[in-house]
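Here is the structure we will look at, set down as structure tokens.
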Protein chains: 4
Amino acid sequence: MTTTLRADAARNRDRVLATARALVAEGDLSLQLNDIARRAGVGVGTVYRHFPTRRALLEALAADAFAALLDQAQAASRDDDPWAGLQRLLRSILLGQLTEPTLAEVLSTSPDEDATAPTTTRRGELAALAATVLERATRAGQLRPGLTLDDLQHLVCGTAFAARIADAPDDRVELYLAVLLAGVRAPGQGSSPPA
Amino acid sequence: MTTTLRADAARNRDRVLATARALVAEGDLSLQLNDIARRAGVGVGTVYRHFPTRRALLEALAADAFAALLDQAQAASRDDDPWAGLQRLLRSILLGQLTEPTLAEVLSTSPDEDATAPTTTRRGELAALAATVLERATRAGQLRPGLTLDDLQHLVCGTAFAARIADAPDDRVELYLAVLLAGVRAPGQGSSPPA
Amino acid sequence: MTTTLRADAARNRDRVLATARALVAEGDLSLQLNDIARRAGVGVGTVYRHFPTRRALLEALAADAFAALLDQAQAASRDDDPWAGLQRLLRSILLGQLTEPTLAEVLSTSPDEDATAPTTTRRGELAALAATVLERATRAGQLRPGLTLDDLQHLVCGTAFAARIADAPDDRVELYLAVLLAGVRAPGQGSSPPA
Amino acid sequence: MTTTLRADAARNRDRVLATARALVAEGDLSLQLNDIARRAGVGVGTVYRHFPTRRALLEALAADAFAALLDQAQAASRDDDPWAGLQRLLRSILLGQLTEPTLAEVLSTSPDEDATAPTTTRRGELAALAATVLERATRAGQLRPGLTLDDLQHLVCGTAFAARIADAPDDRVELYLAVLLAGVRAPGQGSSPPA
DNA sequence: GATGAATGAGTGTTCATTCAT
DNA sequence: CATGAATGAACACTCATTCAT
């Protein structure tokens with residue numbers, strides 16, 4: 001059986017990820033593969049084997065958060081109330097980015113830029129779910145005319161950026177989210193969903 | 001007299017700035033001093049003399065755009081209509097960032113981070129003008145409660161970020177600006193200023 | 001019985017050789033064992049088991065061509081006409097090198113340099129046959145005085161080198177071969193063998 | 001004055017060249033810039049400043065020998081006797097390559113492959129001189145028909161290769177040169193120039 | 001003031017070889 | 001026998017910064 005070997009490999013992979021996560025948590029998003037290898041007590045080659053590029057590592061780091069985000073987006077897309085669905089969706093994307101900076105970088109980049117397959121898939125899934133939410137809100141006349149799916153994505157990334165440059169991001173998110181929501185809501189629709 | 005020398009120095013400084021500006025215009029924000037020196041036909045030491053750090057050069061590059069922004073902010077602060085003033089202020093800051101990427105970087109960074117004196121001064125002036133606008137809008141009940149001066153700055157930087165990651169930023173600014181304005185407006189105030 | 005295992009091993013060996021051959025045919029003589037293993041769909045260890053060094057693989061790749069060369073050398077050594085024999089020998093060695101670059105590398109290297117047993121054997125056989133041809137040509141007074149067996153080998157390798165750096169080696173071989181033959185012929189013997 | 005500074009730079013350049021030359025003399029033609037820097041007691045950057053690529057260093061190492069070769073080629077081209085001229089030319093090119101292995105590599109490579117300007121110039125000059133010699137020998141009916149300028153170059157490089165793989169190259173050159181000369185001489189012209 | 005050569009730490013990447021499974 | 005993960009030395013190249021002239 002190759003289970004044990006694979007277990008070793010998996011353990012190394014995890015060590016690399018853990019090390020990288022620690023660096024990200026310290027605010028270092030540079031993800032230098034040499035540095036990470038050294039800190040993880042692992043050969044450079046090992047890091048390169050698992051993550052051939054900085055991008056691959058970045059996406060691996062974002063993977064869990066992205067998966068969780070998809071779950072929340074799924075739930076949001078099932079909300080009966082179109083506006084509530086949009087609210088939930090945008091809040092999820094926003095909080096996801098603040099919780100996991102790597103997810104912010106992944107979402108702020110053009111999808112076709114060296115992206116690995118799983119990330120491309122996830123982005124597609126997120127887009128599909130978001131399209132549903134968007135369409136329902138649009139049909140309900142609750143979305144500001146002219147806003148596309150891409151616009152929503154850019155705007156929520158921008159809102160995350162705004163929170164990130166604040167001194168205490170966590171204290172600001174909800175307020176900034178409220179601004180975003182009020183901003184994307186169709187003018188004349190009021191600020192809260194119809195009861 | 002050192003006049004001649006100063007003239008030479010000034011010419012060198014201008015050459016460096018022009019070269020750096022050209023690079024920025026080409027989308028290269030890295031501002032590598034060696035590279036700039038070579039292209040400017042000037043010694044590295046000369047660049048270092050005028051701009052001891054990347055930050056110093058960045059702020060010098062942003063200076064003109066920042067000055068122009070201050071003028072517009074001044075005008076905005078004098079607008080009779082509080083909401084129109086806010087609109088003008090935010091549009092100016094937003095467009096300034098898109099026109100001059102260095103200004104975006106300057107404004108998106110914490111003020112006390114290696115900032116040079118002129119930039120610190122300008123930021124103070126901008127803050128003062130914005131405070132005026134903010135206060136008037138607040139007094140008129142037109143600003144979303146809870147938003148501070150800093151919040152406005154972060155949000156407008158976030159909006160610039162959103163535009164920047166769009167495929168065609170210029171086509172998106174006005175829409176994103178509308179979103180921002182609607183977002184920061186006090187709920188229940190409608191989307192246009194009272195006549 | 002280990003027959004089945006041996007069959008597997010032989011198949012792996014063949015796959016490695018085929019892959020390596022393909023690379024050589026594409027002009028890549030670097031013979032990187034990792035690369036070959038990956039392309040052959042085989043573990044690196046397997047490649048190492050069969051070919052412990054780059055040299056071992058190189059010689060294995062050259063083996064068939066070397067064997068064919070020995071056949072031709074045999075025939076040449078049986079030619080009644082001493083000069084014709086020499087001609088045939090040198091042409092065979094020359095063409096062999098151009099057809100199979102690995103053979104060129106094998107023949108251009110000192111025999112005792114990490115050579116594997118089969119190659120050492122083959123080199124010995126080739127030397128023996130060449131010695132025969134050489135001796136007969138010498139006895140017939142047709143070989144330039146002073147030329148040893150080694151000299152002939154070096155010169156034919158040099159001629160192969162000359163052809164290789166030409167733009168269209170195949171168009172040049174015969175001419176270069178004629179130069180070589182005229183060069184090694186004893187001065188005053190004319191350019192064609194006595195009738 | 002910048003003389004002293006330049007002197008320093010020149011000294012460093014010379015140190016690098018001397019170090020590289022020593023390595024070449026030891027038979028190491030790999031010319032690894034890092035290694036050379038370390039041995040020369042100089043920063044890597046210094047080596048890169050003077051020689052941006054391995055090729056640049058190679059050609060710098062070959063420069064003197066190439067210049068000397070050009071002198072000899074010039075002399076050869078002025079020889080009254082066409083055949084003597086050819087003899088002198090080929091001997092010079094051959095000995096030049098054996099004395100300076102870097103020259104062999106330079107001459108054995110396609111001229112347009114990353115070559116620096118001076119080398120391109122020198123190759124042009126050598127070709128011009130060789131063309132003269134070739135033409136005169138051809139007109140005198142002394143050159144084997146079909147041989148072009150390029151052929152001569154390839155053949156002399158091949159001869160150098162032959163000598164290089166011999167155990168005692170120096171003892172073999174003259175013999176190999178004789179072979180080359182007899183080979184390129186028009187058949188039926190005898191082995192020595194007309195008196 | 002200006003110059004630009006020099007530095008060398010830093011970063012990215014490859015690859016031959018080993019060895020536990 | 002086969003596998004392929006792991007290793008880490010080795011190599012290529014960059015660039016911010018210093019400093020002698």
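Keep in mind that what you see is a predicted model, and the values were worked out from it rather than measured. So you know, we letter chains A, B, ... as the sequences are listed, proteins then strands, and number each from 1.
The CG-P distance, from D:Leu57 to F:dA12, rounds to 11 Å in whole Å. The distance between atom CZ of D:Arg38 and atom C1' of F:dC11, rounded to the nearest whole Å, is 11 Å. Here the C1' atom of nucleotide F:dT21 and the CZ atom of D:Arg11 are 14 Å apart, to the nearest Å. For C:Arg49 and F:dT3, the CZ to P distance is 11 Å, given to the nearest whole Å. Regarding C:Phe51, its CZ atom lies at a distance of 16 Å from the P atom of E:dA16, rounded to whole Å.
With F:dA5, E:dA5, E:dT3 as the candidates, the nucleotide lying closest to the side chain of D:Ala9 is E:dA5.
Under 3.5 Å, the side chains of B:Thr119 and B:Arg55 contain no donor-acceptor pair of N or O atoms.
Within the structure, a side-chain polar atom (N or O) of D:Thr46 is placed less than 4.0 Å from OP1 or OP2 of E:dT7. For B:Asn12 and E:dA2, the shortest distance from a side-chain N or O to OP1 or OP2 is below 4.0 Å. The phosphate of F:dA5 has neither OP1 nor OP2 within less than 4.0 Å of any side-chain N or O from A:His50.
Ion pair B:Arg11/B:Asp14 not flagged as a salt bridge, since none of the NZ, NE, NH1 or NH2 atoms sits closer than 4.0 Å to an Asp/Glu carboxylate oxygen.
In terms of position on DNA chain E, the residue among D:Arg13 and B:Val42 whose nearest nucleotide sits closer to the 5' end is B:Val42.
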Handout entry: Where protein sits on nucleotides 13-19 of chain F, one letter per nucleotide: B base, S sugar-phosphate only, - none, heavy atoms under 4.0 Å
Key = B-SBB--
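The two residues B:Leu29 and B:Glu105 come nearest to each other via the heavy atoms CD1-OE1, 3.9 Å. The two residues D:Phe51 and D:Leu33 make their nearest non-hydrogen contact at O-CD1, 3.6 Å. In this structure, C:Val106 and C:Ala62 approach most closely via the heavy-atom pair CG2-CB, 4.0 Å. Residues D:Ala40 and D:Val16 share a closest heavy-atom pair of CB-CA, 4.3 Å.
Partner assigned to E:dC19 is F:dG4, using Watson-Crick or G-U wobble distances below 3.5 angstrom.
Residues from residues 14-25 of chain D with heavy atoms under 4.0 angstrom of DNA chain F: there are none.
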Handout entry: Intermediate values then yes/no, side chain to side chain contact (heavy atoms under 4.5 Å, CB included), B:Phe161 and B:Ser108
Key = CA-CA 10 Å; B:Phe161 180 90; B:Ser108 297; over 6 Å; no
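Between the CD atom in C:Glu59 and the CZ atom in C:Arg54 there is a gap of 10.5 Å [rounded to 0.5 Å].
Between B:Ile36 and the choices B:Asp28, B:Leu23, B:Leu17, the side-chain contact (heavy atoms from CB on, under 4.5 Å) rule is met once, by B:Leu23.
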